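For reference, the structure is listed below as structure tokens.
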Amino acid sequence: MKKIIQDLNLEELEGVVKELGEKPFRAKQLYTGIMQGKSLTQISVLPKAFTAELLENYEDTPVQIIKTLVSCDGTEKYLFRLADGNIIEGVFMQYSYGNTQCVSTQVGCRMGCKFCASTLGGRVRDLTAGEILSQVLVVNALHGKNGKRGITNVVLMGSGEPLDNYGNVIKFLRNMAAEGGINISPRNVSLSTCGLVPEMYKLAEEGLPVNLTVSLHNVTDEERARTMPIANRYKISEILKACSNYFEKTGRRYIFEYSLIEGENADAEHARSLCRLLAGRPCHVNLIRLNDVKERKLAAASELAAQNFLHELQSGGISATLRRRMGADIGGACGQLRAGYLQEN
């Protein structure tokens with residue numbers, strides 16, 4: 001596999017252009033074309049000889065949409081093919097405040113959470129910073145109009161554990177925020193982790209005030225371990241300390257994701273226990289009605305149970321919302337589309 005030119009920032013591209021003996025202004029032309037979601041061969045302002053030199057070392061199209069599913073609610077789900085033939089997926093969601101894209105950070109995942117289809121085949125490899133960014137660039141090109149950005153918010157909640165691919169994710173965040181590029185601020189990015197505590201501390205020192213989102217999904221270590229193997233390594237108390245540190249260093253409140261699973265964690269007692277666990281913390285709870293994953297034999301709590309759980313939290317003084325179910329009719333849960341494609345092929 002060749003290198004990914006989308007890994008490079010403008011300064012690094014200037015170095016490539018200089019090394020190849022081209023005029024310095026070609027770096028800006030190259031950068032602009034890349035940020036518009038174009039492949040190398042689509043950047044028509046570049047001399048053909050220069051493009052040919054680049055193609056000797058860099059992939060023309062690192063990320064390509066090979067399938068699109070459109071939900072009745074307007075959600076779009078994409079199957080992406082990488083240059084090495086691996087498959088990942090992403091989701092485009094429309095909200096009143098803007099358009100959000102969910103991106104993947106790894107091919108597969110090794111965290112083993114039982115409610116997530118991304119882990120079914122384990123982790124194949126990490127994505128490079130440019131492969132993560134390219135997902136945003138190609139979808140932004142689809143939805144951008146009249147020079148206006150089509151993607152305003154990004155969530156790192158697709159296939160993979162972002163903090164398990166730490167270096168590439170940090171470079172992606174810096175490159176995506178760069179002026180002159182797609183320029184999406186870290187404040188408009190949500191990073192979801194199952195709770196890799198050492199990396200949560202590292203993230204707090206990066207100067208990248210992303211919205212830290214932690215997959216909690218239960219109130220005790222023993223119960224959490226039934227669906228999340230990571231609970232055997234890091235206790236909830238350790239995760240809460242890392243969250244407090246993140247708030248102290250960034251001033252950003254943190255978010256807990258809590259998937260409501262029938263017969264597992266969705267009753268009133270769990271809601272009251274969650275209130276006690278999070279009392280007084282600068283946090284928000286995002287309740288999720290699980291999208292069914294047939295391979296995992298876990299079922300979503302009913303709408304009534306979800307509303308009752310939400311009422312218990314709000315009555316207990318916890319900031320909480322119930323996430324609107326989006327894309328359920330097109331396999332909206334993480335990893336479902338990829339898993340189906342791999343089975344078929």
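In this text the structure is predicted, and so the values were computed from the model without any measurement. For the single chain, residues carry numbers from 1 onward in sequence order.
- A donor-acceptor contact shorter than 3.5 Å is absent between the side chain of Thr250 and the backbone of Ala204.
- Within the 4.5 Å cutoff, the side chain of Ile239 has no heavy atoms near those of the Leu216 side chain.
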Determine whether Glu199 and Thr193 satisfy the following criterion, side chain to side chain donor-acceptor pair (under 3.5 Å), listing intermediate values before the conclusion.
CA-CA 10 Å; Glu199 287 75 17; Thr193 177; over 6 Å; no

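- With a 6.0 Å radius and a threshold of 12 heavy atoms from other residues, nucleotides or ligands, Lys2 has its NZ atom above the threshold.
- Annotation: side chain of Val16 is not in contact with side chain of Leu30 (no heavy-atom distance under 4.5 Å).
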So Gln307 and Glu303, side chain to side chain donor-acceptor pair (under 3.5 Å) or not? Walk me through it.
CA-CA 6 Å; Gln307 292 293 342; Glu303 182 66 27; 2.9 Å; yes

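- For Tyr95 and Tyr97, the ring centers are positioned less than 6.0 Å apart.
- Counting non-hydrogen atoms of neighbouring residues, nucleotides and ligands closer than 6.0 angstrom, the NZ atom of Lys235 reaches no more than 12 such neighbours.
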Arg123 and Glu161: CA distance, side-chain angles, deciding distance, salt bridge (charged side-chain N to carboxylate O under 4.0 Å, His left out) verdict
CA-CA 10 Å; Arg123 171 187 163 277; Glu161 160 59 57; over 6 Å; no

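- Between the side chain of Glu131 and the main chain of Pro62, no donor-acceptor pair closer than 3.5 Å is present.
- Summarising the geometry of Val210 relative to Leu173, their closest heavy-atom pair is CG1-CD1, 4.0 Å, with the distance given to 0.1 Å.
- Atom NZ of Lys23 has 12 or fewer heavy atoms from other residues, nucleotides or ligands within 6.0 Å.
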Start with the C-alpha gap between Leu203 and Ile170, add the side-chain angles, then the distance that decides, and say whether side chain to side chain contact (heavy atoms under 4.5 Å, CB included) holds.
CA-CA 8 Å; Leu203 182 64; Ile170 295 301; 3.8 Å; yes

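- Side-chain heavy atoms closer than 4.5 Å link hydrophobic residues (I, L, V, M, F, W, Y) into clusters, and following such links, even through other members, never connects Leu277 to Ile288.
- Looking only at distances, no side-chain donor or acceptor of Asn140 sits under 3.5 Å from a matching main-chain atom of Val136.
- Residues Asp126 and Gln106 share a closest heavy-atom pair of OD1-NE2, 2.9 Å.
- Listed by first then second residue, pairs satisfying salt bridge (Lys or Arg N to Asp or Glu O under 4.0 Å) with a partner in residues 272-287 read Glu269-Arg272, Glu269-Arg276, Arg272-Glu312, not counting sequence neighbours.
- Between the side chain of Asn211 and the backbone N or O of Val189, at least one donor-acceptor pair lies under 3.5 Å.
- Under a 3.5 Å cut-off, the side chain of Gln101 and the backbone N or O of Gly90 do not form any donor-acceptor pair.
- Met1 and Val124 are assigned to two separate hydrophobic clusters, defined by single-linkage of ILVMFWY side chains at heavy-atom distances under 4.5 Å.
- Residues Arg253 and Ser319 have side chains in contact (heavy-atom distance under 4.5 Å, counting atoms from C-beta outward).
- Atom CD1 in Ile184 sits 5.0 Å away from atom CZ in Arg149 (nearest 0.5 Å).
- Taking OG1 of Thr321 as the start and NE2 of His284 as the end, the distance is 3.0 Å to the nearest 0.5 Å.
- Heavy atoms from other residues, nucleotides or ligands lying under 6.0 Å from CZ of Arg125 number more than 12.
- Across Val45 and Arg26, no two heavy atoms sit closer than the pair O-NH1, 3.2 Å.
- A distance of 9.0 Å separates CD1 in Ile88 from OG1 in Thr105, rounded to the nearest 0.5 Å.
- Taking 4.5 Å as the limit, some side-chain heavy atom of Leu212 sits within range of a side-chain heavy atom of Met200.
- In this structure, the side chain of Asn175 engages the main chain of Asp7 through a donor-acceptor pair within 3.5 Å.
- Between atom CG of residue Asn218 and atom CG of residue Leu274 there is a gap of 9.0 Å, rounded to the nearest 0.5 Å.
- For the pair Gln64 (side chain) and Arg81 (backbone), a donor-acceptor distance under 3.5 Å is absent.
- For the pair Pro209 and Pro186, the minimum side-chain heavy-atom distance is below 4.5 Å.
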Yes or no on side chain to side chain contact (heavy atoms under 4.5 Å, CB included) for Lys241 and Tyr201, after CA distance, side-chain angles and deciding distance?
CA-CA 10 Å; Lys241 287 179 183 177; Tyr201 280 100; 3.7 Å; yes

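- Closest approach of His143 and Tyr78 over heavy atoms only: NE2-OH, 3.1 Å.
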Intermediate values then yes/no, side chain to side chain contact (heavy atoms under 4.5 Å, CB included), Glu12 and Asn9:
CA-CA 5 Å; Glu12 290 167 331; Asn9 59 32; 3.2 Å; yes

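- Here the shortest heavy-atom pairing between Gln94 and Phe92 reads CG-CE2, 3.5 Å.
- Ring geometry, Tyr258 versus His217: the interplanar angle falls from 30° to 60°, so the pair is classed tilted.
- Placement of Leu40 and Leu10 within a single hydrophobic cluster is found when ILVMFWY residues are connected by side-chain heavy-atom separations under 4.5 Å, directly or transitively.
- Taking CD1 from Ile34 and CD1 from Ile182, the interatomic distance works out to 13.0 Å, rounded to the nearest 0.5 Å.
- Residue Ile230 is grouped with residue Leu156 when hydrophobic side chains (ILVMFWY) are merged at heavy-atom distances under 4.5 angstrom, including chains of intermediate members.
- Asn99 places a side-chain N or O within 3.5 Å of a backbone atom of Gly150 that can act as its donor or acceptor partner.
- Linking ILVMFWY residues whenever their side-chain heavy atoms come closer than 4.5 Å, directly or via other members, places Tyr58 and Leu133 in the same cluster.
- A donor and an acceptor atom, one from each side chain of Asp267 and His270, are located under 3.5 Å apart.
- For the pair Asn188 (side chain) and Ser185 (backbone), a donor-acceptor distance under 3.5 Å is absent.
- Glu264 has no carboxylate O lying under 4.0 Å from a charged side-chain N of Lys114, or vice versa, which leaves the two without a salt bridge.
- By the 4.5 Å heavy-atom criterion applied to side chains, Val138 and Thr61 are not counted as neighbours.
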Would you check, one step at a time, whether the test side chain to side chain contact (heavy atoms under 4.5 Å, CB included) holds for Tyr254 with Thr213?
CA-CA 6 Å; Tyr254 40 92; Thr213 302; over 6 Å; no

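- In this structure, Cys275 and Leu313 have side chains that are in contact, with non-hydrogen atoms separated by less than 4.5 Å.
- Rounding to the nearest 0.5 Å places OG of Ser134 at 10.0 Å from CZ of Phe172.
- A donor-acceptor contact shorter than 3.5 Å is absent between the side chain of Asn183 and the backbone of Met176.
- Contact annotation: the side chain of Cys243 approaches that of Phe256 to within less than 4.5 Å [non-hydrogen atoms, C-beta and beyond].
- Residue Cys194 comes nearest to Met228 through the heavy atom pair CB-CE, 3.7 Å, listed as atom of the first residue, atom of the second, then distance.
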